[in-house]
Amino acid sequence: MGLDYKKSPGSTTTSDLEELVREAKRARESAYAPYSGFKVGAALRAVSGEIITGCNVENASYGLSICAERTAIVSAVARGHRDFDAIAVVTETSPPAPPCGQCLQSLVEFSGDMEVVLAGTGDERMLVRLHDLLPVRFELRKE
Ligand code: THU
């Protein structure tokens, strides 16, 4: 697959997405995953262009662990961002792993659709859309 962004369905440029992947890789280095050993990094691009990152943070009480994507979302919202164009998620698996169902639901709370770049720690990339990953979602309200 490599760095093939030709099928990009959105307006974000390839270099924007690669910048997002670089930031997600950097965030992954901060992952605290002593129990699973599975480090994840995420980087959100707000519509303002600002990039907000997150990593997974585990806990000895396993259920308290939080995923990288939700770390990024709560951090972004706390800084005043609610609309996002894209997210990059970096894992060391091949193919690179998508966000879990809980993280998909957390993402759609703030942006019904966005580009989702799934990246490996090397050159592997998959470009999908949030709407395709969670086409039917639970929603109550929109402000
Ligand atoms: N993890 C994430 O950070 N994002 C996901 O979407 C799925 C799983 C983390 C949680 C846990 O720390 C580790 O990966 C193994 O499940």
Side-chain angles (χ1 to χ4, degrees), residues 1-5 7-12 14-142:
M1 174 154 316
L3 293 169
D4 186 2
Y5 282 114
K7 290 178 190 143
S8 174
S11 55
T12 316
T14 297
S15 77
D16 284 343
L17 295 176
E18 275 305 300
E19 181 187 21
L20 214 51
V21 170
R22 277 197 301 278
E23 291 300 320
K25 282 185 179 178
R26 200 196 315 269
R28 183 176 172 273
E29 290 168 16
S30 300
Y32 177 71
Y35 305 106
S36 72
F38 190 75
K39 296 183 173 189
V40 186
L44 276 166
R45 181 182 293 279
V47 292
S48 64
E50 194 170 327
I51 293 174
I52 304 94
T53 61
C55 61
N56 54 331
V57 181
E58 298 185 346
N59 192 280
S61 179
Y62 296 170
L64 299 184
S65 301
I66 182 166
C67 295
E69 299 89 327
R70 279 177 294 133
T71 306
I73 294 163
V74 296
S75 177
V77 173
R79 290 160 65 171
H81 304 287
R82 292 187 179 180
D83 292 305
F84 306 98
D85 288 327
I87 185 170
V89 181
V90 173
T91 55
E92 61 188 347
T93 52
S94 181
C100 73
Q102 202 171 2
C103 288
L104 293 175
Q105 179 69 30
S106 294
L107 288 167
V108 301
E109 178 72 21
F110 294 100
S111 287
D113 199 16
M114 69 178 83
E115 290 185 288
V116 181
V117 187
L118 311 177
T121 50
D123 284 348
E124 201 169 4
R125 306 280 185 272
M126 283 177 67
L127 184 57
V128 291
R129 293 202 71 95
L130 183 58
H131 196 274
D132 296 321
L133 291 175
L134 194 66
V136 180
R137 64 278 293 270
F138 180 76
E139 286 176 294
L140 282 181
R141 57 109 205 102
K142 282 292 168 202

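In listed order, ligands and their atoms are each counted from 1.
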List the steps, then state whether salt bridge (charged side-chain N to carboxylate O under 4.0 Å, His left out) holds for Glu29 with Arg26. CA-CA 5 Å; Glu29 290 168 16; Arg26 200 196 315 269; over 6 Å; no
Protein heavy atom at shortest distance from atom 9 (C) of ligand 1: Asn56 ND2, 3.6 Å
Is atom 1 (N) of ligand 1 less than 4.0 angstrom from at least one protein heavy atom? yes
Do Lys39 side-chain atoms and Asn56 backbone N/O form a donor-acceptor pair below 3.5 Å? no
So is Pro99 in contact with ligand 1, going by heavy-atom distances below 4.0 Å? yes
Distance-minimising heavy-atom pair for Thr93 and Glu124: O-OE1, 4.4 Å
Check whether any side-chain N or O of Arg137 sits under 3.5 Å from a backbone N or O of Gly112 as a donor-acceptor pair, and report yes or no. yes
So Tyr35 and Tyr62, would you call those rings parallel, tilted or perpendicular, with 30° and 60° as cut-offs? tilted
Give a yes or no on whether the backbone of Phe84 and the side-chain of Ser111 come within a donor-acceptor separation of less than 3.5 Å. yes
Closest non-hydrogen protein atom to atom 8 (C) of ligand 1, residue and atom name please, with distance? Cys67 SG, 3.8 Å
Residue, atom and distance of the protein heavy atom nearest atom 15 (C) of ligand 1 read Ser36 OG, 3.7 Å
Do NZ/NE/NH1/NH2 and the carboxylate oxygens of Glu23 and Arg45 come within less than 4.0 Å? no
How far is atom 12 (O) of ligand 1 from its nearest protein heavy atom, and which residue and atom is that? Glu58 OE2, 2.5 Å
For atom 3 (O) of ligand 1, which candidate among Cys55, Gly54, Cys100, Ala68 provides the closest heavy atom? Ala68
Nearest neighbour in protein (non-hydrogen) for atom 14 (O) of ligand 1: Phe38 CD2, 3.4 Å
Starting from atom 4 (N) of ligand 1, find the nearest protein heavy-atom neighbour and note its residue, name and distance. Glu69 OE1, 2.8 Å
